[in-house]
Amino acid sequence: MVRLVLVLGDQLSDALSALCKTDKSTDVVVMAEVADEASYVPHHPKKISFTFAAMRKFAERLKHQGWTVAYTRLDDPDNAGSITGELIRRAAEFDAVGVVYTEPGEWRLISALGDMPLKTHSLS
C-alpha cells in the first residue's frame with residue numbers, strides 16, 4: 001500500500017512529521033518545482049533559485065537515506081504546474097492510496113490539498 005509523502009520547499013527537514021510518521025520502504029516522497037508556488041506572489045528570482053537548489057539537494061539526501069523520491073523539476077515537460085496536479089499525477093504513476101503531508105503554512109495550499117480527489121492526511 002503506497003502513500004505519497006508531500007515535502008514542500010519550506011519543509012526541508014529530516015524532522016518533518018510527514019517523514020517521521022511514514023515508511024521509507026513503501027511510501028514515496030513527492031517534491032515538485034511548480035509555477036503556482038513560484039508565482040502566487042512576487043519573489044526575487046534568486047530566492048526561487050535558492051529554494052529549488054535546496055529542494056534538489058534535500059531530495060538527493062532523502063534518496064541516499066533509502067527513500068523513493070518522485071521529484072519534478074520546473075522544466076519537466078510533464079510538470080502539472082501545481083502541487084495538487086503533481087500529487088494526482090504521481091498517485092496515478094505509483095498507484096498510491098493517498099497523500100500524507102505536514103500542514104503547510106499557507107491557507108490557499110491547505111484548501112487546495114483538502115479539495116483534491118485523493119485521500120489526504122495532514123500531520124502536525
Side-chain angles (χ1 to χ4, degrees):
M1 180 167 74
V2 175
R3 295 178 298 175
L4 301 179
V5 183
L6 176 63
V7 176
L8 299 170
D10 61 352
Q11 298 178 335
L12 307 179
S13 169
D14 291 324
L16 186 68
S17 61
L19 291 173
C20 293
K21 297 179 181 177
T22 51
D23 185 352
K24 71 173 75 173
S25 68
T26 57
D27 297 329
V28 176
V29 172
V30 173
M31 298 178 72
E33 302 169 8
V34 293
D36 276 3
E37 295 305 306
S39 64
Y40 72 95
V41 294
H43 294 290
H44 193 285
K46 286 183 181 178
K47 179 180 181 178
I48 294 169
S49 295
F50 286 138
T51 300
F52 290 168
M55 288 172 63
R56 291 173 185 181
K57 186 169 183 155
F58 190 72
E60 286 303 313
R61 191 163 95 218
L62 291 176
K63 288 178 187 177
H64 289 336
Q65 293 173 356
W67 288 95
T68 299
V69 179
Y71 192 95
T72 304
R73 290 179 177 250
L74 190 61
D75 61 355
D76 182 335
D78 294 325
N79 190 324
S82 68
I83 295 294
T84 55
E86 280 300 303
L87 288 169
I88 291 166
R89 178 171 81 99
R90 297 302 188 170
E93 178 182 349
F94 290 98
D95 198 26
V97 297
V99 179
V100 176
Y101 62 94
T102 299
E103 188 168 291
E106 307 250 350
W107 287 107
R108 63 176 183 74
L109 192 49
I110 293 168
S111 177
L113 289 167
D115 291 341
M116 280 197 333
L118 299 170
K119 180 180 174 185
T120 61
H121 182 71
S122 173
L123 301 171
S124 44

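Using a 4.5 Å heavy-atom cutoff, the side chains of Arg3 and Val97 are in contact. Under the 4.5 Å side-chain criterion, counting only non-hydrogen atoms from C-beta, Leu109 is in contact with Ile83. Side-chain contact between Val34 and Glu86 is present, with at least one heavy-atom pair separated by less than 4.5 Å. With contacts defined as side-chain heavy-atom distances shorter than 4.5 Å, the pair Val69/Val28 does not qualify. The closest side-chain heavy-atom distance from Thr26 to Val2 is not below 4.5 Å. At a threshold of 4.5 Å between non-hydrogen side-chain atoms, the residues Val7 and Leu16 count as touching. Using a 4.5 Å heavy-atom cutoff, the side chains of Leu19 and Trp67 are in contact.
Listed here is the closest heavy atom pair of Phe52 and Tyr71: O-OH, 3.7 Å. Heavy atoms only, all atoms of each residue included: Met31 and Val29 are closest at CG-CG1, 3.9 Å. A pairwise comparison of heavy atoms in Ala80 and Gly85 identifies CB-C, 3.5 Å as the closest pair. Nearest heavy atoms, Leu113 versus Pro104: CD1-CG, 3.8 Å. Residues Leu87 and Leu4 come closest through the heavy atom pair O-CD1, 3.4 Å.
For the atom pair Ser82 OG and Ile88 CD1, the distance stands at 7.0 Å (nearest 0.5 Å).
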Can you give each donor-acceptor pair under 3.5 Å made by side-chain atoms of residues 54-62, sequence neighbours left out, with the distance rounded to 0.1 Å?
from  : atom 1 : to    : atom 2 : distance (Å)
Arg56 : NE     : Glu33 : OE2    : 2.6
Arg56 : NH2    : Glu33 : OE1    : 3.0
Arg56 : NH2    : Glu33 : OE2    : 3.2
Glu60 : OE2    : Lys63 : NZ     : 3.4
Arg61 : NH2    : Asp14 : OD1    : 3.3
Arg61 : NH2    : Asp14 : OD2    : 2.8

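A donor atom on one side chain and an acceptor atom on the other are not found under 3.5 Å apart for Gln11 and Thr102.
Counting only residues at least two apart or in different chains, salt bridge (charged side-chain N to carboxylate O under 4.0 Å, His left out) contacts with residues 67-84 comprise Asp76-Arg89. Residue pairs meeting the side-chain hydrogen bond (donor to acceptor under 3.5 Å, both in side chains) criterion with at least one partner in residues 113-122, sequence neighbours excluded, are absent.
Leu12 and Leu123 fall into different hydrophobic clusters, defined by Ile, Leu, Val, Met, Phe, Trp and Tyr side-chain heavy atoms under 4.5 Å apart, directly or through other members. Tracing side-chain contacts under 4.5 Å through hydrophobic residues (I, L, V, M, F, W, Y), one never reaches Val30 starting from Ile110; they form parts of separate clusters.
Listed for the Ser111 side chain is no donor-acceptor partner under 3.5 Å among the backbone atoms of Trp107.
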> How far apart are the C-alpha atoms of Asp27 and Val100, what are their side-chain angles, what is the distance that settles it, and do they pass the side-chain contact (heavy atoms from CB on, under 4.5 Å) test?
Replying inline: CA-CA 9 Å; Asp27 297 329; Val100 176; over 6 Å; no

